[in-house]
Amino acid sequence: MPELPEVEVTRRRIAPFVVGRRIAKVRTTRKSYFFLTPPARLERELPGRTVVELERRGKYLLARLDDGRRLLLHLGMTGQLFVENASSVRLLSAATRASLTPEAQVSFVPDRHTHLRVEFDDGGPALFFRDVRKFGKVRLLGADGTDPRLEKLGVDALSATGDELWAAARKRKVAIKSLLLGQDVIAGIGNIYADEGLFLAGIRPRRAANKVSRSECQSLVDAVKRVLLRSIETGGSSISDYLQPDGSDGGYQDERRVYARTGEPCPKCGTKIRRIVIGARSTHFCPSCQR
DNA sequence: ATCTGTCCCTGGACGC
DNA sequence: TGCGTCCAGGGACAGA
């Protein structure tokens, strides 16, 4: 699922592709939960605008336009932002793949999950936003408008400090993992990197936040940052739907220590990795290394 | 104020 | 082989 590293990799790859290009045409699927701004409005108001900058805030992307407005994008769980010539098996359902010849199985064809398609007036490759489960979001913000989602974000995970985490943690009784997943204290951490960071810091995910010491908060923030930076370096985690904007897989899924490794030996001590549920989210940890 | 549970959505895994 | 059922999971929201 797209978390900070996946969104950042997407930003870095998409920015040179879209910045400076003028939008010619926008095609969308029908009005839905996915569109915070009615799709008809996007189709009407985006053409003619040039993208001037692409920024990331937590797991959100913000495309700034030449009229000062900003297009807010969130990839949700299964969101995929990619360029026209991308090809990947992750862009096709199993049923679709089965109906195609092996050679055709990786060529992308816009389907009912391809909710946004942006074409540019230079005639070059278009940009696509596909999202099977529609937990993603698209919203056009006015020139001086903002969004409550952005307002609520805490400090970005890449610039967070141990003391910032500690200041919030000492006042909270929720599991430390839940605190990491909430975007209001530190923004950008999701299920994969929360589990990986807690493992590296040797902290049990279910421990109450206010039972995590100041120095442990420091170790935790350091561990999370290390994991996030390494994941960005390798192109993010392609575990289910995520792919890089050119269609290639990221590499971090091969480096994860505990996430989705239930029953496998802990890389440090060999104890079997356990899976529990915290706040309705799968959680993976080593019962021996994490206390 | 904080915490917990429910819901949005769909494909894939699993059982019969 | 085919159908029904369950599950995942980011984040908003309601109710405790």
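Residue numbers start from 1 in every chain, and the chains themselves are labelled A, B, ... in the order their sequence lines are given, proteins ahead of strands.
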**OP:** Using distance alone, with no hydrogens and no angle criterion, decide if Thr28(A) and Glu43(A) have a side-chain donor and acceptor under 3.5 Å apart.
**Re:** yes

Side-chain N,O ([X]) to OP1/OP2 ([N]) below 4.0 Å:
{"X": "His113(A)", "N": "dT10(B)", "answer": "no"}
{"X": "Lys134(A)", "N": "dT10(B)", "answer": "yes"}
{"X": "Ser282(A)", "N": "dG9(C)", "answer": "yes"}
{"X": "Arg133(A)", "N": "dG11(C)", "answer": "no"}
{"X": "Tyr33(A)", "N": "dC13(C)", "answer": "no"}
{"X": "Lys59(A)", "N": "dG11(C)", "answer": "yes"}

**OP:** Look at the rings of His115(A) and Phe35(A) and say which category their plane angle falls in: under 30° parallel, 30 to 60° tilted, over 60° perpendicular.
**Re:** perpendicular

With heavy atoms under 4.0 Å as the rule, sort [X] into base, sugar-phosphate or nothing.
{"X": "Arg90(A)", "result": "nothing"}
{"X": "Lys171(A)", "result": "nothing"}
{"X": "Asp131(A)", "result": "nothing"}
{"X": "Tyr259(A)", "result": "sugar-phosphate"}
{"X": "Gln183(A)", "result": "sugar-phosphate"}

Subject >> Closest-nucleotide ordering on DNA chain C, the 5'-leading residue of Arg149(A) and Thr78(A) >> reply: Thr78(A)

Original post:
Between Glu8(A) and Arg56(A), what is the shortest heavy-atom contact and its length?
Top reply: OE1-NE, 2.8 Å

**OP:** Please check if the side chain of Arg204(A) supplies one atom and the backbone of Gln290(A) the other of a donor-acceptor pair under 3.5 Å.
**Re:** yes

Subject >> Under 3.5 Å: donor-acceptor pair, side chain of Arg117(A), backbone of Thr114(A) >> reply: no

Original post:
Among the nucleotides dT10(B), dA12(C), dC9(B), which one has an atom lying closest to any side-chain atom of Tyr60(A)?
Top reply: dA12(C)

Original post:
Choosing from dA12(C), dT10(B), dC9(B), which nucleotide comes nearest the side chain of Lys152(A)?
Top reply: dA12(C)

Spacing of [X] atom [atom1] relative to [N] atom [atom2], expressed in whole Å:
{"X": "Leu153(A)", "N": "dG11(C)", "atom1": "CG", "atom2": "C1'", "result": "11 Å"}
{"X": "Ile276(A)", "N": "dC7(C)", "atom1": "CD1", "atom2": "C1'", "result": "18 Å"}
{"X": "Glu3(A)", "N": "dG11(C)", "atom1": "CD", "atom2": "P", "result": "9 Å"}
{"X": "Lys173(A)", "N": "dA16(C)", "atom1": "NZ", "atom2": "P", "result": "20 Å"}
{"X": "Ile189(A)", "N": "dG11(C)", "atom1": "CD1", "atom2": "C1'", "result": "15 Å"}
{"X": "Leu91(A)", "N": "dG11(B)", "atom1": "CG", "atom2": "P", "result": "14 Å"}
{"X": "Asn191(A)", "N": "dG11(C)", "atom1": "CG", "atom2": "P", "result": "11 Å"}
{"X": "Leu92(A)", "N": "dT10(B)", "atom1": "CG", "atom2": "P", "result": "18 Å"}

Subject >> Joint hydrophobic cluster, Val83(A) plus Leu91(A), side-chain heavy atoms closer than 4.5 Å >> reply: no

**OP:** Would you confirm whether the ring centroid of Phe82(A) sits within less than 6.0 angstrom of the ring centroid of Phe17(A)?
**Re:** no

**OP:** Tell me which of Arg172(A) and Gly279(A) sits closer to the 5' end of DNA chain B, going by the nucleotide each one is nearest to.
**Re:** Arg172(A)

Original post:
Stems in DNA chain B: runs of 3 or more consecutive Watson-Crick or G-U pairs, distances under 3.5 Å?
Top reply: B:2-16 with C:2-16

**OP:** Give a yes or no on whether a salt bridge exists between Glu3(A) and Lys59(A), defined as a side-chain N under 4.0 angstrom from a carboxylate O.
**Re:** no

